[in-house]
Amino acid sequence: MTTQPRQLIRQDVQSMHAYAVQDATGMVKLDAMENPHRLPEALQAELGQRLGALALNRYPGERVNDLRHALATYAAMPEGFDIMLGNGSDELISMLALACDVPASADGQVGAASVLAPVPGFVMYAMSAQLQGLTFHGVPLTADFELDEAAMLQAIAEHRPAITYLAYPNNPTANLWNDAVIEKIIQAVGEQGGLVVMDEAYQPFSSKSYIDRLARHSHVLLMRTLSKFGLAGVRLGYMMGPKALIAEIDKVRPPYNISVLNCECALFALEHTDVFAAQAQALRSQRGFLLEALTRLPGVQVFPSDANMILVRVPDAQKTFEGLKARQVLIKNVSKMHPLLANCLRLTVGTVAENQQMLAALEASL
Ligand SMILES: *Cc1c(COP(=O)(O)O)cnc(C)c1O
């Protein structure tokens, strides 16, 4: 009997679908919350010089600590806290699952660690849990995408999750959740010994951040990324939390996970925060323009946004998605992700010209 090499791969991995990245060749790319703006040419040249001069023959070294400090200053990290870096926050999410993978005890008295998050939410919370053999508990949001307080508290009491994720604002719904409900959830998780991760991937576009409240708790981590900020290609995520807790999670990090190129690009960006702040301001202003224009389209329901994306509900999501695609505009059809997202599409806020083209294509595709 011969064994196919692929049979050696875990059964659950064989039955998984790979994370799908849509082909965007020749399209107006509004599917992945990327910042549409690039660096000004003078800065591109300056960065090129700096990257060219790096010692690529050496493993990443002390420079990574310069970046940790620069990010901590940029984010106004509280006293007594520490910061760790990931190859995008996707890697931090994977490391959290790895660090919390406590197996079930033989007598079944203590359950295996689990991960909990509101759904619909960011797909990597569930995927990282599943890959690590942890149970994922998705708690449905209300129909208007608010946290279901009673359902969340009930699920926390029942499952005692090791990690509870709260994306602030949430993806793909783009909204911030009620702060009083968030505090109740954080308190409930704390009482049963779990961790809460506030995921602020969209912080540059948000009217609020949890950073000022972070120091109140010893079981809350705050995760951010430079991806939506304007460096999706660089792959740099960071996570802040109480020193002793970060020290434990940092042990599962691959030693050289941030390349010298990632690191130097991120440092360069932090020396030019004014450029990125102006880009974020332009996108927030375009978001305002889009929210208003979309509201005027007949049959389109528009949801509030604190991010660089807008969720809309249309009469026929598949037809509208295909219509946009035929007009060279790529967005994300999220309508099959969760029943609450029936007929919903997620639009990334782009440049003035891209948004005009998207609006025209949308109107023609309804
Ligand atoms: C995009 C996103 C991330 C991950 O971004 P990286 O590119 O891996 O840093 C994390 N959380 C949420 C909610 C996101 O939308």
Side-chain angles (χ1 to χ4, degrees), residues 18-22 24 29-36 67 71 74-75 83-98 115-129 131 136 138 141 145 147 163-177 182 196-206 208-210 221-240 253-254 257-259 261-263 265-266 269-270 276 280 283 287 303 305-311 331-332 334 337-338 341 344 346-349:
Y19 187 95
V21 177
Q22 307 187 88
K29 193 170 185 310
L30 300 175
D31 66 326
M33 283 76 76
E34 290 146 325
N35 177 344
L67 177 57
L71 284 166
Y74 174 70
I83 183 167
M84 66 180 284
L85 308 183
N87 203 280
S89 34
D90 285 352
E91 191 188 35
L92 291 167
I93 295 167
S94 301
M95 287 193 268
L96 278 163
L98 183 59
V115 175
L116 186 144
V119 287
F122 188 47
V123 293
M124 290 308 293
Y125 307 148
M127 192 164 161
S128 64
L131 283 175
F136 177 78
L141 295 167
F145 305 128
L147 289 168
I163 308 169
T164 298
Y165 282 101
L166 295 175
Y168 189 76
N170 188 41
N171 172 10
T173 59
N175 59 325
L176 287 167
W177 290 316
I182 288 177
V196 174
V197 180
M198 299 298 297
D199 182 350
E200 294 194 348
Y202 298 95
Q203 181 272 331
F205 315 102
S206 175
K208 292 196 212 168
S209 165
Y210 200 77
L221 296 155
L222 190 121
M223 192 167 72
R224 288 190 185 168
T225 173
L226 294 184
S227 291
K228 279 71 186 209
F229 170 92
L231 300 179
V234 169
R235 310 307 297 137
L236 204 295
Y238 56 108
M239 185 163 70
M240 297 171 283
R253 183 178 55 81
N257 65 327
I258 306 301
S259 86
L261 297 167
N262 301 25
C263 181
C265 283
L270 293 175
F276 292 89
L283 291 169
R287 173 182 68 200
F303 295 94
S305 168
D306 256 86
N308 62 339
M309 62 182 146
I310 297 173
L311 189 75
I331 59 159
K332 181 91 170 174
V334 294
M337 251 181 79
H338 192 275
L341 293 174
C344 285
R346 189 189 67 194
L347 317 167
T348 300
V349 179

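Order of listing sets the numbers, starting from 1, for every ligand and every atom in it.
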Chemist: Would you please indicate yes or no on a ring centroid separation below 6.0 angstrom for Phe145 and Phe303?
Modeler: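 Yes - the distance between ring centres of Phe303 and Phe145 falls below the 6.0 Å cut-off.
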Chemist: Among residues at least two apart in sequence or on other chains, which ones pass salt bridge (Lys or Arg N to Asp or Glu O under 4.0 Å) with Arg235?
Modeler: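 Salt bridge (Lys or Arg N to Asp or Glu O under 4.0 Å) check on Arg235 returns Asp90.
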Chemist: With under 30° as parallel and over 60° as perpendicular, where do the rings of Tyr210 and Tyr168 fit, or are they tilted in between?
Modeler: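 Perpendicular.
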Chemist: Can you name the closest pair of heavy atoms from Phe136 and Ala129 and give their distance?
Modeler: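 The pair with the smallest heavy-atom distance is CB-CB, 4.2 Å.
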Chemist: Does any non-hydrogen side-chain atom of Leu67 lie less than 4.5 Å from one of Leu270?
Modeler: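 Result yes, sub-4.5 Å side-chain heavy-atom pair found.
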Chemist: Heavy-atom contacts under 4.0 Å between Lys228 and ligand 1: side chain, backbone, both, or neither?
Modeler: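 Contact part for Lys228 vs ligand 1: side chain (C-beta onward).
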Chemist: Run the numbers for me: atoms of ligand 1, each under 4.0 Å from some heavy atom of Arg235, listed by number.
Modeler: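 Listed by number with element: 6 (P), 7 (O), 8 (O).
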Chemist: Between Asn171 and ligand 1, find which residue part has any heavy-atom pair under 4.0 Å and reply side chain, backbone, both or neither.
Modeler: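 Under 4.0 Å from ligand 1, Asn171 contributes side-chain atoms alone.
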Chemist: Holding to salt bridge (Lys or Arg N to Asp or Glu O under 4.0 Å), I want the full list of residues that pass it with Arg224, two or more places apart in sequence or in another chain.
Modeler: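 Only Glu200 meet the salt bridge (Lys or Arg N to Asp or Glu O under 4.0 Å) criterion with Arg224.
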Chemist: List ligand 1 atoms under 4.0 Å from Thr225, heavy atoms only on the residue side.
Modeler: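 This gives 6 (P), 9 (O) as the contact atoms.
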Chemist: Under 4.0 Å, heavy-atom basis, I'd like to know which part of Ser227 is in contact with ligand 1: side chain, backbone, both or neither.
Modeler: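 Near ligand 1, Ser227 shows its side chain, while the N, CA, C and O stay back.
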Chemist: To which protein heavy atom is atom 12 (C) of ligand 1 closest, and what is the distance rounded to 0.1 Å?
Modeler: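 Checking every protein heavy atom, the shortest distance to atom 12 (C) of ligand 1 gives Asp199 OD2, 3.4 Å.
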Chemist: What atoms in ligand 1 come closer than 4.0 Å to a heavy atom of Asp90?
Modeler: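 Checking each atom against Asp90, I get 4 (C), 8 (O).
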Chemist: Closest non-hydrogen protein atom to atom 5 (O) of ligand 1, residue and atom name please, with distance?
Modeler: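 I find the closest protein heavy atom is Ser89 OG, 3.4 Å.
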Chemist: For atom 15 (O) of ligand 1, what's the nearest protein heavy-atom neighbour? Residue, atom name and distance, please.
Modeler: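 Closest protein heavy atom to atom 15 (O) of ligand 1: Tyr202 OH, 2.6 Å.
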Chemist: Decide yes or no for Tyr125 and Val119: does some side-chain heavy atom of the first lie under 4.5 Å from some side-chain heavy atom of the second?
Modeler: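 No, their side chains stay 4.5 Å or more apart.
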